[in-house]
Amino acid sequence: QVQLVESGGGLVQAGGSLRLSCAASGLTFSSYAMGWFRQAPGKEREFVGLIMSSGWSTAYADSVRGRFTISRDNAKNTVSLRMNSLRPEDTAVYYCAADRMGSGSPKSSDYGYWGQGTQVTVSS
């Protein structure tokens, strides 16, 4: 079955950096666009960014553009989210997700597979 497993979350001070990774199995990874989403307590899950199947194209939410970078390694079935200049408002559970249609959608409903999430906490 399809599994997406995130890792790399933790506690960091404002201004610091973290790198999240997502390891995928049970799917033809190179055929999927991959997205990152986050959900803060009491808030709806929101789009963070995505990378198309080839890795050539990315898109980001306005709130993270210029601070976060998504990359992927199709040979290793992994996708990463590099987060710089972290802010307290970036505190959330971060999820990776796979979109088989590969449309590059920011809508969570377009992603069929999800990881369990990893907590990121940014202290002020």
Side-chain angles (χ1 to χ4, degrees):
Q1 73 277 21
V2 175
Q3 280 194 313
L4 302 176
V5 180
E6 301 95 338
S7 61
L11 174 64
V12 64
Q13 288 189 333
S17 298
L18 277 177
R19 183 182 181 93
L20 306 184
S21 293
C22 173
S25 60
L27 74 170
T28 306
F29 183 74
S30 60
S31 298
Y32 285 71
M34 298 297 296
W36 284 95
F37 293 79
R38 66 187 182 186
Q39 188 166 18
K43 295 187 177 180
E44 293 188 353
R45 190 170 297 187
E46 66 172 355
F47 171 74
V48 173
L50 65 88
I51 187 166
M52 299 300 282
S53 58
S54 66
W56 289 108
S57 296
T58 56
Y60 299 93
D62 289 344
S63 59
V64 307
R65 189 176 294 114
R67 300 188 297 123
F68 290 11
T69 303
I70 298 174
S71 59
R72 67 188 294 160
D73 185 335
N74 284 346
K76 295 182 178 179
N77 287 6
T78 59
V79 59
S80 298
L81 176 65
R82 175 68 178 180
M83 304 184 293
N84 296 327
S85 302
L86 282 161
R87 305 166 180 169
E89 54 264 38
D90 294 319
T91 295
V93 177
Y94 283 72
Y95 300 89
C96 70
D99 170 17
R100 187 167 66 92
M101 300 306 294
S103 61
S105 170
K107 295 167 58 178
S108 60
S109 57
D110 287 335
Y111 290 77
Y113 301 110
W114 291 82
Q116 82 289 349
T118 186
Q119 176 71 48
V120 171
T121 303
V122 184
S123 63
S124 57

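- How far SG of Cys96 is from CD1 of Ile70: 10.5 Å, rounded to the nearest 0.5 Å.
- Each side-chain hydrogen bond (donor to acceptor under 3.5 Å, both in side chains) pair with one or both residues in residues 46-61, not counting sequence neighbours, appears once here: Arg38-Glu46.
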Would you give me the side-chain donor-acceptor pairs under 3.5 Å for residues 117-124, sequence neighbours excluded?
residue, atom, partner, partner atom, Å
Thr118, OG1, Gly9, N, 3.2
Gln119, NE2, Ala92, O, 3.4
Gln119, NE2, Thr121, OG1, 3.3

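- The backbone N or O of Val5 lies less than 3.5 Å from no partner atom in the side chain of Gln116, so there is not a single donor-acceptor pair.
- One distance of note links CE of Met34 with OH of Tyr113; it measures 11.5 Å at 0.5 Å rounding.
- Taking CD1 from Ile51 and CG from Asp99, the interatomic distance works out to 13.5 Å, rounded to the nearest 0.5 Å.
- Applying the ring pair (Phe, Tyr, Trp, His ring centres under 6.0 Å) test to residues at least two apart or on different chains, none of the pairs has a partner in residues 61-102.
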Extract all donor-acceptor atom pairs below 3.5 Å that involve side chains of residues 20-31 and protein atoms in other chains or at least two apart in sequence.
none

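- With sequence neighbours excluded, the residues satisfying ring pair (Phe, Tyr, Trp, His ring centres under 6.0 Å) with Tyr111 are Phe37.
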For residues 76-88, please give each side-chain donor-acceptor pair under 3.5 Å, one per line with the distance, not counting sequence neighbours.
residue, atom, partner, partner atom, Å
Arg82, NE, Asn84, OD1, 3.1
Asn84, OD1, Ser17, OG, 2.9

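- Hydrophobic clustering, with ILVMFWY side chains joined whenever heavy atoms are under 4.5 angstrom apart, keeps Leu4 apart from Leu50.
- Grouping the Ile, Leu, Val, Met, Phe, Trp and Tyr side chains by contacts below 4.5 angstrom, directly or via other members, places Phe47 with Trp114.
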